[in-house]
Amino acid sequence: MTRSADLLDRYQASLLGVFGRPGAVLSHGEGCRVWDVDGRCYLDLLAGIAVNSLGHAHPALVTAISEQAARAIHVSNFFTTQPQVELAERLLAVAGAPEGSAVFLTNSGTEAVEAAIKLARRTDRTRIVAMEGAFHGRSTGALALTHKPAYREPFLPLLPGITHVPLGDKEAVRAAVDETVAAVVVEPIQGEAGVRVADPAYLQLVRELTAERGALMVVDEIQTGIGRTGQWFAHQFADVTPDGVTVAKGLAGGVPIGALLTYGPRVSGLLTPGQHGTTFGGNPLAAAAALAVLDTIERDHLLDHVRRTGEELQRQVRELGHPAIRDVRGRGLLQAIELADDRAAAVAQRAREAGFLVNPVTPSALRLAPPLIITAEELATFVSALPALLDPTASEELP
Ligand code: PLP
């Protein structure tokens, strides 16, 4: 029995079965490559689902975490630390948030969304408008905003007062947002729904409607933020200033973290002392890791790099002109390859056997969310392997 098979059996005997049987037992990584416990190497085109923004074992991140761990991993929120304060300042700066804006640091995306829900509740309104196809997390509050019936239905009834409208339908959102709505929550790109990009004009309309009708506009950038799309935040493509932004995933390169950014003094004053809190959120280890990620993105000009490599990837996939590929969509290094039929799971499995980690995000779409440091050459190895991966009869010719 291989080490992988042994550990997978033990996994199934000891871990709660919510994720099914994992695809591999990973051991370590370097750059954009990861190895499993049997020594097989993979090109990581998923990055822990848009988390390992600097790839694996990046020296800047390893140094920042090691040095901070040797100083202080955690302090209670009766106190603060220099990394925590610096991180809040840096986040507000890259967001271009106005004077009087503020940050609440959490341990995950879901927790950032929970903070946003509580922020919205402090407007003295209780209704929230979210989008069909939305994914905002699995805790009972965030789940109420998440749209997928399979995730919601086993746990009904959820938080009341949530209305889902079709993403991009201007009439529907116009009709849904009235003076009883506390907030509209929207992802600039719906990652979990298959990388569905919101039209900038739609985000601008949401901004206009919410401003006019006294509701908050909360943008969930948990998957799209911190350089993933080639801007610090994907809503910056639409040139809107929201009232709240949630961030997590790639922010600390793999160390658990999340954040809610509140824009301006009015919104930032909605949650007052004692109305929210967390034990681990904003601890100096996670904050130091996040600062290293932000520094590296800036120092290595990764926003430009992400934009260019994303465009190049799209161009190469289109140039294949493969009949099994219907479309490639996304921004920067958050892309989906839409297949002509529901074979994404089988193709992802073949890709893994051929040494590529990709995600069948819907039955017909493969999601790519590689480390932001991936090179065009590394991406090209996957594109050249695609025709063989898409051909169900060519198993012996896998690259
Ligand atoms: N919001 C979005 C847009 C996400 O993509 C995710 C996770 O995939 C979440 C919220 C939940 O974040 P987490 O899994 O860190 O709790």
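Just so you know, ligand 1 is whichever comes first in the structure, and atom 1 is the first atom listed for that ligand. This chain uses plain numbering: 1 for the first residue, then up along the sequence. Computation of the quantities below employed the complete heavy-atom set of this structure, encompassing side-chain atoms and omitting hydrogens, waters and symmetry-equivalent molecules.
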Under 6.0 Å from the ring centre and within 45 degrees of the ring axis: does the NZ or CZ of Arg138 meet both conditions for the six-membered ring of Tyr151? yes
Measuring only between side-chain heavy atoms, which start at C-beta, is Leu261 closer than 4.5 Å to Tyr263? yes
Within the structure, does Gln223 bring an N/O atom to less than 3.5 angstrom of an N/O atom in ligand 1? yes
Does an N or O anywhere in Gly137 fall below 3.5 Å from an N or O of ligand 1? no
Closest to atom 15 (O) of ligand 1 (judged by heavy-atom distance), picking from Ala50, Ala193, Gly109: Gly109
Where is the nearest protein heavy atom to atom 7 (C) of ligand 1: which residue, which atom, and how far? Lys249 CE, 3.4 Å
Indicate whether any N or O donor in one side chain lies under 3.5 Å from an N or O acceptor in the other, for Gln314 and Gln335. yes
Any idea which of Ile257, Thr246, Ile222 brings a heavy atom closest to atom 4 (C) of ligand 1? Ile222
What part of Thr110 sits under 4.0 Å from ligand 1 if we count only heavy atoms: the side chain, the backbone, both or neither? both
Among all protein heavy atoms, pick out the one at the shortest distance from atom 2 (C) of ligand 1; state its residue, atom name and that distance to 0.1 Å. Phe135 O, 3.3 Å
Does any N or O of ligand 1 fall below 3.5 Å from an N or O anywhere on Glu111, backbone included? no
Hey, is the main chain of Ala144 close enough, under 3.5 Å, to the side chain of Arg152 for a donor-acceptor pair? yes
Test item: side-chain donor near acceptor, Ser108 and Glu111, under 3.5 Å: yes
Taking the side chain as everything from C-beta on, heavy atoms only, tell me whether Leu251 gets closer than 4.5 Å to Leu91. yes
Write out the residue and atom name of the closest protein heavy atom to atom 1 (N) of ligand 1, then the distance separating them to 0.1 Å. Asp220 OD2, 2.7 Å
Does the Lys NZ or Arg CZ of Arg33 fall within the cation-pi geometry relative to Tyr42 - under 6.0 Å from the ring centre and within 45° of the axis? no
